[in-house]
Protein chains: 2
Amino acid sequence: MKDKSMILFKKILQSEGLRYTKQREVVWSEINGSNEQHRNADQIYLSIINKSKVKVSRATVYRTIDVLVKHNLVKKIDGLENGSLYENRLDRKHHDHMICLETGNIIEFYNKELELLQDQIAEEKGYKIVRHVHQLFVKPIDS
Amino acid sequence: MKDKSMILFKKILQSEGLRYTKQREVVWSEINGSNEQHRNADQIYLSIINKSKVKVSRATVYRTIDVLVKHNLVKKIDGLENGSLYENRLDRKHHDHMICLETGNIIEFYNKELELLQDQIAEEKGYKIVRHVHQLFVKPIDS
DNA sequence: GTTGTTGCAAATACTTTGCAACTAT
DNA sequence: ATAGTTGCAAAGTATTTGCAACAAC
């Protein structure tokens, strides 16, 4: 599994004419292997620094994430207050996010009807959706 | 109309214990009076500098927009590449945005069914929506 | 050996803030 | 007169970039 994802990553690097390096490996393995699904670049960077013996800089974290996002291994969540969050996308299906304003907790949701409705709205105006951002900022019902 | 919106703004300033100044007036009147519905802070600032005799700084534009956003006279559109856009919200009904990736054009849309579906999704998880961001990044169907 | 990659520090872009001068009340 | 407001320039924040040293092929 860890192996499969790394092979896939290598193929992507190849397809882009990029080299396979320890730094790139460790960035992808940190994102892909962590239970933390919603972290910013700095959290990912610090996590690597703490547990990995490989030296990696913030610049390289950002540069590697760019490649991962481009090839849909990682999803970038933006539109939040302070920078973007990143989540592993490999073997995960599409979903959007509900962000609790009281706890900062992030809840994932997916609704097929809603997705279809979106497509339809775009189509009616003569467009097709390339990507979308759908975030619900919420509070617990009893608050 | 211009008058009504300014009276409302004065009331809001009062309610916040803020003073009515030429600078604040001109920022709100620029946003409320313009046909341009999707501008960033700098565009609004420059537009004021060009046509108004009142001296206003960028800092004041940002500070005034904060008040306007807080009181729902202005909607902040974020999650875009470079900074936020602002639109007049007075006497306008809720809508979301479709952003054309080819032209940068912004198309507004509103779909009641979609709004209800959203509420329902949040409710199912025990939350109520405070605000939401829904942006469709699109391309023309024939491209 | 050649060419891509890295870390660093500086640059960038948008926005916020401290402060002394100014202005509304 | 007093307390809030302004403009300015500096600081802040997240991310990107130029470049010399370095590593993968």
Side-chain angles (χ1 to χ4, degrees), chain A residues 6 9-31 38-50 52-70 74-87, chain B residues 6-7 9-31 38-49 52-70 74-86 104:
Chain A
M6 204 47 77
F9 184 42
K10 281 185 188 177
K11 276 185 193 155
I12 286 168
L13 290 176
Q14 266 171 27
S15 80
E16 287 275 341
L18 299 172
R19 288 177 182 170
Y20 181 74
T21 65
K22 291 232 182 310
Q23 286 78 357
R24 286 177 175 148
E25 175 194 321
V26 89
V27 171
W28 170 226
S29 112
E30 173 59 41
I31 296 174
H38 307 111
R39 291 183 295 173
N40 61 35
D42 216 55
Q43 291 171 319
I44 293 165
Y45 164 74
L46 290 172
S47 189
I48 292 170
I49 290 307
N50 282 337
S52 170
K53 45 248 123 265
V54 184
K55 194 189 186 202
V56 182
S57 66
R58 280 184 177 80
T60 294
V61 171
Y62 278 109
R63 287 188 276 231
T64 304
I65 286 175
D66 283 347
V67 180
L68 293 166
V69 169
K70 178 172 178 191
V74 166
K75 176 174 178 175
K76 180 178 187 175
I77 308 172
D78 46 22
L80 305 176
E81 308 279 289
N82 338 281
S84 301
L85 299 180
Y86 301 95
E87 65 182 15
Chain B
M6 206 44 81
I7 288 168
F9 184 43
K10 283 187 185 176
K11 277 186 191 157
I12 286 169
L13 290 175
Q14 267 170 26
S15 80
E16 288 274 342
L18 298 171
R19 288 177 183 170
Y20 182 75
T21 65
K22 291 232 183 309
Q23 285 79 355
R24 286 177 175 149
E25 175 193 319
V26 89
V27 171
W28 170 227
S29 112
E30 174 59 39
I31 296 174
H38 308 112
R39 292 183 296 173
N40 62 34
D42 217 55
Q43 290 170 319
I44 293 165
Y45 164 74
L46 291 172
S47 190
I48 292 170
I49 290 308
S52 169
K53 45 247 122 263
V54 183
K55 193 188 186 201
V56 181
S57 67
R58 280 185 177 80
T60 294
V61 170
Y62 278 109
R63 287 189 277 232
T64 304
I65 286 174
D66 283 347
V67 180
L68 292 167
V69 169
K70 178 172 179 192
V74 166
K75 177 172 177 175
K76 180 179 184 173
I77 307 172
D78 46 24
L80 306 176
E81 308 280 288
N82 337 283
S84 301
L85 300 180
Y86 301 96

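Letters A, B, ... are given to chains in the order of the sequence lines, protein chains preceding strands, and every chain is numbered from 1. Note that this is a predicted model, so its numbers are computed, not measured.
- To the nearest angstrom, C1' of C:dC14 lies 15 Å from CG of A:Asp78.
- A cation-pi contact links B:Lys10 to B:Tyr20, judged by a cut-off of 6.0 Å to the six-membered ring centre and 45° from its axis.
- In this structure, A:Ile65 places its CD1 atom 17 Å from P of C:dT5, rounding to the nearest Å.
- Taking every side-chain heavy atom of A:Asp66 into account, D:dT16 is the closest of D:dT16, C:dT15, C:dT3.
- Distance from the side chain of B:Ser57 is smallest for D:dG7 among the nucleotides D:dG4, C:dT15, D:dG7.
- At the phosphate of C:dT6, OP1 or OP2 sits under 4.0 Å from a side-chain N or O atom of A:Thr21.
- Interface remark: the A:Arg63 side chain does not form any donor-acceptor pair with the C:dT6 base, using a distance-only criterion of under 3.5 Å.
- The interatomic distance linking A:Gln23 (CD) with C:dG4 (P) rounds to 17 Å, in whole Å.
- Straight-line distance from the CD1 atom of B:Ile77 to the P atom of C:dC14: 16 Å, rounded to whole Å.
- Using a 4.0 Å heavy-atom cutoff across all strands shown, B:Asn40 reaches no nucleic acid atom at all.
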Practice task
Test A:Ile65 against A:Ile44 for side chain to side chain contact (heavy atoms under 4.5 Å, CB included), laying out the working first.
Solution key: CA-CA 10 Å; A:Ile65 286 175; A:Ile44 293 165; 4.3 Å; yes
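- Judged by distance alone, the side chains of B:Ser47 and B:Glu30 do bring a donor and an acceptor atom under 3.5 Å apart.
- The side chain of B:Arg24 contributes an N or O atom lying less than 4.0 Å from OP1 or OP2 of D:dT5.
- Of the residues in residues 9-18 of chain A, those with a non-hydrogen atom less than 4.0 angstrom from any atom of DNA chain C are A:Leu18.
- OP1 or OP2 of D:dC8 sits under 4.0 Å from a side-chain N or O of B:Lys55.
- Side-chain atoms of B:Arg19 lie closest to D:dG4 of the nucleotides C:dG7, D:dG4, C:dT3.
- When the options B:Val61, B:Leu68, B:Val67, B:Asp66 are evaluated for a side chain to side chain contact (heavy atoms under 4.5 Å, CB included) with B:Thr64, the one that passes is B:Leu68.
- Considering every non-hydrogen atom in both A:Ser84 and A:Asp78, the closest pair reads OG-CB, 3.5 Å.
- Distance alone, capped at 3.5 Å, is enough to place a donor-acceptor pair between the B:Arg24 side chain and the B:Arg19 backbone.
- Atom OH in A:Tyr45 sits roughly 13 Å away from atom C1' in C:dT6 (whole-Å rounding).
- With sequence neighbours left out, A:Gln43 forms a side chain to side chain donor-acceptor pair (under 3.5 Å) with no residue at all.
- Nucleotide D:dT16 holds its P atom 14 Å from the NZ atom of A:Lys70, rounded to whole Å.
- Note on the helix from C:dG1-D:dC25 to C:dT25-D:dA1: terminal axis deviation equals 30°, with five pairs used at each end and the result rounded to 10°.
- Rounded to an integer number of Å, the gap from B:Tyr20 OH to D:dT6 P is 12 Å.
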Problem - B:Lys70/B:Glu16 under salt bridge (Lys or Arg N to Asp or Glu O under 4.0 Å): CA gap, chis, key distance, verdict - result: CA-CA 11 Å; B:Lys70 178 172 179 192; B:Glu16 288 274 342; 2.9 Å; yes
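- The two atoms that bring B:Ile77 and B:His38 nearest to each other are CD1-CD2, 3.8 Å, heavy atoms only.
- Applying the 4.0 Å criterion to OP1 and OP2 of C:dT15, one finds that B:Tyr62 has a side-chain N or O inside that range.
- Contact check, B:Thr60 against D:dG7: a side-chain N or O comes under 4.0 Å of OP1 or OP2.
- One can place CG of B:Leu80 at 17 Å from C1' of D:dT15, the figure rounded to the nearest angstrom.
- Considering every non-hydrogen atom in both B:Lys76 and B:Tyr86, the closest pair reads CG-CE2, 3.7 Å.
- Closest to the A:Lys22 side chain, of the nucleotides C:dT6, C:dT15, D:dA24, is D:dA24.
- Phosphate proximity of D:dT15 to A:Ser84: present, with a side-chain N or O under 4.0 Å from OP1 or OP2.
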